[in-house]
Structures are given as structure tokens and as C-alpha cells.
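One structure is given below, encoded as C-alpha cells.
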Number of protein chains: 2
Amino acid sequence: MDRRQRKTREAIFSAFIALLSARDYNQITVGQIIDKADIGRATFYAHFETKDFLLKQLCEELFCHIFDATNHGHPEHKHIFNCDAPDSVFLHLFQHLQKNDNNILQLLSCQNNELFLQYFKSNLRKLVVNQLPLFAARKSEHLPESFWVDHIAATFVETVRWWIDNGMTQSPETITEYFLLAV
Amino acid sequence: MDRRQRKTREAIFSAFIALLSARDYNQITVGQIIDKADIGRATFYAHFETKDFLLKQLCEELFCHIFDATNHGHPEHKHIFNCDAPDSVFLHLFQHLQKNDNNILQLLSCQNNELFLQYFKSNLRKLVVNQLPLFAARKSEHLPESFWVDHIAATFVETVRWWIDNGMTQSPETITEYFLLAV
DNA sequence: TTATATACCGAACTACTTGTTCATTATTGT
DNA sequence: ACAATAATGAACAAGTAGTTCGGTATATAA
């Protein structure tokens, strides 16, 4: 990819994330993004069809780092997720979130938009399906699997939200414990 | 309140709800509302500061019917909520949702906006706090109460969402069972 | 019935946002 | 050096939010 394209794309993403940590997604305008990214209006629209597409692509890029190793089971990452402790997948997620490498926390905060949560939950569900045996003890045979998967994914999201709202004072290990106790 | 005011307010609410069941909240415009309600633009703004305020007030009106009896414990409604079966509060909520008297389901569907869910969860939390003994058996003493309350409220919302997404084929009794098994 | 208050009307208006167009300029990969 | 392509910036149409105001209809009270 052309270096100019790469730099522009990077500038847009970075401006977008900066704005997301300051304002609500819905009240961020394209004008604000291009001002902060210091690019022309036409350039923005050459890269992203709409603001929603920008969010979608940002999500894909963020989730790629967090979820891909688990979902597609890249051998070189397997040891991170599938080691002895059965709760290590979720522990790893919480640890990743705490580092907040790619400002994913700003997107998860409750003032932000439903679109992001949809992508996030959709990825989570895929992950949960792979980890279902983990929760076999808790699951009742009367519950449909899709209900159960949705429930676990939603509980994860709500756990993260609670963690953020309460200042993230707990360690990832403690939060993992909360999550597993709740789910 | 002046009859004219009442009628205008009613027309706005009813137009708004009709639009909500057809489109996403975010893409409903004030222009569409006043067209459907058949009122002047200035009149709308005399009643509601913004579209978000309209949603807020609609929520308050809807929730009033569903939650007030439980929260403030009006004696004349007590029998509905505090009868023998301990899960009757939630069963009653699910039954109320199934009837969809005031089109609350349209607002709960996932394509709609975060604002509504915030109000809904906020009311649910108050309800859950009053019903905490119900879940004493499941709760671990290691979990902070606020975490537990948030978790139960979120699980309720997600249960309703799953119910809607799956065509609401289950009876309120079955859904209540799912909810209590999950939480 | 009359008088007064007030809610509604509607049209115009400002300011802002979105998304597009296009001729010009700068940068890139080869 | 050159051809391809990305970025520029300014202008543009269309749509939206929210306000203003003089005039009209309706409610309420005497």
C-alpha cells in the first residue's frame, strides 16, 4: 500500500480514537476528524464511505489483534490461550484490556455507540463457542445453546463495563474471578 | 394541563413511537416527527428541547407504568408483584413486555440506541436491589454488591433481547426460567 | 358574552453537517 | 525521469437543527 495512503489512514484512525475518548461517537463529525487528522475533506471520503464504516474498520483492526489468535488458532499464539488454566482465555482478554494498547477502552465505555458493541459481542460469541466446555458445569440442559452463548458474551461485556466504571482498580485476575463467578 | 398541550404532546409521542418501529432512532429526524404528528416545527421545540429529551420523557412515561408499582410499593399494586412465587416480579415484567402495550419492544431492539438502555437498566437496577434476597443462593460473598446488581440487570436486558431476536416464541414463564437459570 | 392569556401556526432564517466534484499540486514506485 | 496515483482545497447541493416572530385559534375566567 502506498505510503501516503498508509499515513493518511493512520492519521484518520488516530484522530478518530482521540475524539472518541473525549466525546460521544454520535456527536463526532467528519469535520472534527479531518481537522484533527489535518487532511482534506475529499481525502477522508476517498478512504471511508461513512463514519460508520470508519468505526467498522477500526473495530476490525482492533479485534484482529485480540481475537484472531483464538478464533483461527494460529499455532504460534496457541500457548497464550490454550495453556493449562482453563480461564486463561478470559484472563488474557482482561489483561489485554487493562493495557489498553489500542484505546479499546474508550470504545467500550457506555457513552459510546451500539455499533461497536455489536462487533465486539459478535467476536466474543465466536470465542465463547470454542470455550463452552468451560461452562458446562453451570449450564442447565434446559437452556438453548444460543441463549447460553449470548449470556456469557453479554456478561463479559458487562463485567468490563463495571470494571471501567469502577476505575479498574481490580487486577485482571480478580476480574476474571468475578466474571467466572457471575456467568 | 391545557387540552391543546396534551393533544400536541400525545401526537408527538405517538408519531415518535410509530417512527421508532420503522426506523433506527438515530436516523429519525425532527422533520419526520412533525410531519407525522402534523404539527408546526416551532411547536415541537416548544415541547421538547431536543430529540434526546423526547426519548427521555417517553422512557419516563413508559417505565412509570412498568416499574413504579414495584419501586415505590404502591399498596394497590403490591399484590401483582409481591405474591407467593418469588420470581413473580420478573415474570410480570416479561408478561408486560410480551403484551407490548406501549411499544416498548421497538425501543429495546438492538438497532436502537444506547440512551434507552441506560434508562431501562437504571430502573432495573433499582428493582433488582429490592429483589436481591431472591438471588442470595447464587451470589458469592466475594462479589461486590454493585457488580452483582449490574450483572442481574444486564442479564435481564440480554434475556429480553435474545427473546426478541428469536421471535418471542417462548412463553413468559419459560423465559423467566431461562433468566433465573442464567443469572 | 367578552376579555385575556396562551398555545399553535408557518414561514423564513442562520448555522452546521454530509457527501460530491474537479482542476491543481505533490508524492510515489519503477 | 516518468507515468500513475494520492492529496489538496475550494466550491457546491441537499438536508438538518434550532430560533424568531407576527398572526391566528383556542382555552379559561369574569
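Chain naming here is simple, since letters A, B, ... match the order of the sequence lines and numbering starts at 1 in each.
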Sorted by position of nearest nucleotide on DNA chain C, 5' first, the leading residue of B:Arg9 and A:Met1 is B:Arg9

Expressed as a whole number of angstroms, how long is the span from A:Asp2:CG to D:dA6:P?
6 Å

Nucleotide nearest A:Thr50 (side chain, heavy atoms from C-beta), chosen from D:dA7, C:dG19, D:dA6
C:dG19

Whole angstrom is fine here: how far is it from CZ in A:Phe48 over to P in D:dA7?
11 Å

Side chain of B:Val30 (C-beta onward), nearest among C:dC9, C:dC8, D:dA17:
D:dA17

Return no unless some side-chain N or O of B:Thr8 is found under 4.0 Å from OP1 or OP2 of C:dC8.
yes

May I ask you to say what A:Thr29 touches in the nucleic acid, namely base, sugar-phosphate or nothing, with a heavy-atom cut-off under 4.0 Å?
sugar-phosphate

What is the separation between atom CD1 on A:Ile34 and atom P on D:dA10, rounded to the nearest whole Å?
12 Å

Spell out, as yes or no, whether a donor-acceptor pair under 3.5 Å connects the side chain of A:Lys139 to the backbone of A:Leu143.
yes

Has B:Tyr45 got a side-chain N or O lying under 4.0 Å from the OP1 or OP2 atom of D:dT19?
no

Donor/acceptor link under 3.5 angstrom from A:Arg41 side chain onto base of D:dT8
no

Please give, in whole Å, the distance from C:dG10 P to B:Asp35 CG?
12 Å

Separation of A:Arg6 atom CZ from C:dT27 atom C1', in whole Å?
13 Å

Between P of D:dT5 and CD of A:Gln5, the distance in whole Å:
11 Å

Donor-acceptor check, side chain of B:Lys36 to backbone of B:Ile12, threshold 3.5 angstrom: yes or no?
no

Would you mind checking if B:Arg161 and B:Glu158 are paired as a salt bridge, meaning a charged N to carboxylate O distance below 4.0 Å?
yes

Between the CH2 atom in A:Trp163 and the CD atom in A:Gln170, the distance rounded to the nearest 0.5 Å is 8.5 Å

Kindly indicate whether the side chain of B:Arg4 and the base of D:dT26 share any N or O donor-acceptor pair separated by less than 3.5 Å?
yes

Does B:His47 put a side-chain nitrogen or oxygen below 4.0 Å from OP1 or OP2 of C:dC8?
yes

Starting at CZ of A:Phe44 and ending at C1' of C:dT20, how long is that distance when rounded to a whole Å?
14 Å

Integer-rounded Å distance: C:dT6 P and B:Lys7 NZ
20 Å

Take A:Ala42 and A:Ile28, find for each the nucleotide of DNA chain C with the closest heavy atom, and name the residue whose nucleotide sits nearer the 5' end.
A:Ile28

With a non-hydrogen cut-off below 4.0 angstrom, is A:Arg3 in contact with a base, only sugar-phosphate, or nothing?
sugar-phosphate

Between atom CZ of A:Phe156 and atom OG1 of A:Thr176, what is the distance when rounded to the nearest 0.5 Å?
8.0 Å

